[in-house]
Asker: 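My structure is below; once you've seen it, I'll send some questions.
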Number of protein chains: 2
Amino acid sequence: MAATIKDIAKLAHVSIATVSRILSDRTESHTEETIARVRKAAKELAYQKNTAAIELVTKKSNVVAVIVSATPTNFSNQIIDGIQKKAAKHHLAVIILYAGENNTELQRKALQTVAERSVMGILLLAINLSPANLKFLTKSTIPFVFLALSFQDKTIPFIASDDFQIAYQATNFLISKGHRKIGLAAADFHISYTGYRRLAGYQKAMQEHQLQLVPDWVQDGNYSYQSGRRAIQAYMKNTQVTAVIANSDLAAMGVANQALDFGLSIPNDLSIISIDGTDFCTMFRPQLTSMTQSFYEMGSQGIDCLLNRKLSTAAQRFTAVSIQERESVKNI
Amino acid sequence: MAATIKDIAKLAHVSIATVSRILSDRTESHTEETIARVRKAAKELAYQKNTAAIELVTKKSNVVAVIVSATPTNFSNQIIDGIQKKAAKHHLAVIILYAGENNTELQRKALQTVAERSVMGILLLAINLSPANLKFLTKSTIPFVFLALSFQDKTIPFIASDDFQIAYQATNFLISKGHRKIGLAAADFHISYTGYRRLAGYQKAMQEHQLQLVPDWVQDGNYSYQSGRRAIQAYMKNTQVTAVIANSDLAAMGVANQALDFGLSIPNDLSIISIDGTDFCTMFRPQLTSMTQSFYEMGSQGIDCLLNRKLSTAAQRFTAVSIQERESVKNI
DNA sequence: CTGTTAGCGCGTTCAA
DNA sequence: TTGAACGCGCTAACAG
């Protein structure tokens, strides 16, 4: 079977303690000759260290767990990319677990899995934890940070965009283009803090410009493609809206396609600004103007945060958002 | 710190062996009363089992590792979904590791990570392993299966679509619609077995119909959006092609957009059939006709395969492909 | 029905 | 500079 340090010790005629030291690069006080002999033996036996044993004795782990939702978002890849790159720099291994979409059971299972493995930290990508699961997490002593999701609670660490600002700026942008009747589509305004804040940002901008707030212009959803379609289906009874803020790129595509299906032209009949700014914005026609979030940065900072955390500081950070003008918003 | 079975034993006034048995549901020979007492104590201490310790002694693991490439494909989610569902049924935990795109270094690192953890199996999603890494994997005694990628070598287990058939059927479909000048775009025909087989299927179909094989109609690439665009850029010098087979949905979108940018209409001026059939086919306009692969099924069967493998049987299975007619192919 | 004991593979004192 | 011995938390015989 797999070789152990004991085998190496035997082959190299040294003690296991010596092997242990040398293989973990604690070579300060060892003969060049011994070191070489041990290394050679290790290679010969194709030695693979047993992480379970190491973690058992050191009570440490160098893997960070990323929990992602199977949600219809597509920015996860960018975040994971950021996580991956930064983690590699610090010699951390990263494992990813799926937790379904608002599935308490699956969330619990994922949390359980990582807790049993005593990972060094947990990154939660756009995961809306149930209260019970959140409590489980906070009690677990494992450092964690939420990514791409913000909280009102000051004790929960997160790295995300300022959702109020996103919607506020998007609305102002549309207003600056001459729009007065602006829809807000496909977010869970009454469920998540994210949705709540975006609604607030939108309302603030509208009010600051003495613009009418029509309830029907705000269409609930879950950031999905279908949510986007449904928003336009609802607007149809009320074609006054000249521009809509879609709460995800996927939703924006749904909005656009349903509008197209209704015979509307974009952006001539309807302007769209999308929130996220992933690659799909340029792959769709017309190319989607977007409020672009710094997903890569979120992932990268997530690792930093885990590394620096002394188990007490609850860091809450906002990453930059910027507006990318493409083809889906028209000056009217 | 975290409670151990020793703590529970003390609290419940039993031995650690009893605790161990009860907590792992080996309750056959235990008093209802003891069981209750132990369970209560465990709950009280918020006991979390230490997986590292368990794996150390049992030399078993119930986690399967999935290695995915950061490649510009988008079907991974479907495969992972299939893996997840089937794994849950068997009480397996799944962890996912990224291995970059044809990055030997990252591949090695991912392989190393899972080898050190002695997972119970490895699923490789569309990963083109370097020869050295493949050798490392085969020597490791850990069961593995490639997903969405086939091999000529009969000893390498995989579950994938029959790439020859995919291209053969796609080509025949186009021919049945009246097309004679058919392009094949955006695969790595001279690098991967997948590309090689698809090229062969295409050529076979063309030849069977006495159709001309024009080298320029076959455009190399890497399944990416940009590959798709480049193919059309190349065709421009040679506008004879009336239909193209795009080797991925992303590539198909690239093909379509570049054609659009050149002023072509789809499918009037150019028909497109896409290989993959993910959600993007219906989110794109015109909706993409596709050769749809059974990705979910691949993931699901991948777990079965791992479970049934006696470390010797090299299973090679093909999953179904079907053609979904949508809007991007025109009868001429 | 339950307890005792011996490791699993490794890092870490403490001596030598 | 090196080695012997202990223990991390747990399971698996083997007693009783």
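All figures in this text were calculated on a predicted structure; none of them were measured in a lab. Labels below follow one simple rule: chain letters A, B, ... track the order of the sequence lines, proteins then strands, and each chain is numbered from 1.
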Asker: Out of curiosity, B:S192 OG to B:N222 CG, how far, rounded to the nearest 0.5 Å?
Answerer: 10.5 Å

Asker: With axes from five pairs an end, tell me the bend angle of the helix from C:dC1-D:dG16 to C:dA16-D:dT1, nearest 10°.
Answerer: 40°

Asker: For DNA chain D, which residues of residues 31-42 of chain B approach it to below 4.0 angstrom with any heavy atom?
Answerer: none

Asker: Which residues satisfy the side-chain contact (heavy atoms from CB on, under 4.5 Å) test with B:E33, sequence neighbours excluded?
Answerer: B:T31, B:R37

Asker: Sequence neighbours left out, cut at 3.5 Å: what donor-acceptor pairs do the side chains of residues 129-140 of chain B make with other protein atoms?
Answerer:
unit_1, atom_1, unit_2, atom_2, d
B:S130, OG, B:N133, N, 3.3
B:S130, OG, B:N133, ND2, 3.1
B:N133, ND2, B:T104, O, 3.3
B:N133, ND2, B:Q107, OE1, 3.1
B:T138, OG1, B:L134, O, 3.2
B:T138, OG1, B:K135, O, 2.8
B:S140, OG, B:L137, O, 2.8
B:S140, OG, B:I142, N, 3.3

Asker: I'd like to check the side-chain contact (heavy atoms from CB on, under 4.5 Å) partners of A:L11; sequence neighbours left out, ordered by chain and number.
Answerer: A:A41, A:E44, A:L45

Asker: With sequence neighbours excluded, tell me which residues meet ring-ring contact (aromatic ring centres under 6.0 Å, His included) with A:F151.
Answerer: A:F146

Asker: Do A:D153 and A:Y193 have side-chain atoms, one donor and one acceptor, less than 3.5 Å apart?
Answerer: no

Asker: Under 4.0 Å, counting only non-hydrogen atoms across every strand here, what does B:T58 touch: a base, just sugar-phosphate, or nothing?
Answerer: sugar-phosphate

Asker: From the 5' end of DNA chain D to its 3' end, which nucleotides mark the outer limits of contact with chain B, defined by a 4.0 Å heavy-atom distance cut-off (strictly under)?
Answerer: D:dG9 to D:dA13

Asker: Identify the two heavy atoms, one from A:Q48 and one from B:A115, that lie closest to each other, and give their separation to 0.1 Å.
Answerer: NE2-CB, 3.2 Å

Asker: So, the side chain of B:S24 versus the backbone of B:S20: is there a donor-acceptor pair under 3.5 Å, distance only?
Answerer: yes

Asker: Tell me, please, the opening and closing nucleotides of DNA chain C, 5' to 3', among those with an atom under 4.0 angstrom from a non-hydrogen atom of chain B.
Answerer: C:dC1 to C:dG9

Asker: Determine, stepwise, if the pair A:I8 / A:R39 fulfils side chain to side chain contact (heavy atoms under 4.5 Å, CB included).
Answerer: CA-CA 9 Å; A:I8 298 177; A:R39 294 241 165 90; over 6 Å; no

Asker: Check side-chain contact (heavy atoms from CB on, under 4.5 Å) between B:A17 and all other residues, then give those that pass, not counting sequence neighbours.
Answerer: B:S15, B:R21

Asker: Please classify the nucleic acid contact of A:I54 as base, sugar-phosphate, or nothing, using heavy-atom distances under 4.0 Å.
Answerer: sugar-phosphate

Asker: For residues 10-19 of chain B, which residues have at least one heavy atom under 4.0 Å from DNA chain D?
Answerer: B:I16, B:A17

Asker: Tell me which pairs pass salt bridge (Lys or Arg N to Asp or Glu O under 4.0 Å) where either residue lies in residues 110-130 of chain B, with sequence neighbours left out.
Answerer: A:E55-B:R117

Asker: Just so I know, are the side chains of A:I96 and B:Y98 near enough to count as touching, which here means a heavy-atom distance under 4.5 Å?
Answerer: yes

Asker: Determine, using ring centers only, whether A:F158 and A:F318 are less than 6.0 Å apart.
Answerer: yes

Asker: Under 4.0 Å between any heavy atoms, over every strand shown, what does A:T4 touch: base, sugar-phosphate, or nothing? Just pick one.
Answerer: sugar-phosphate

Asker: Only pairs at least two apart or in different chains count here, so list each salt bridge (Lys or Arg N to Asp or Glu O under 4.0 Å) that has a residue in residues 102-111 of chain A.
Answerer: none

Asker: Closest heavy-atom contact between B:L97 and B:A110?
Answerer: CD1-O, 4.1 Å

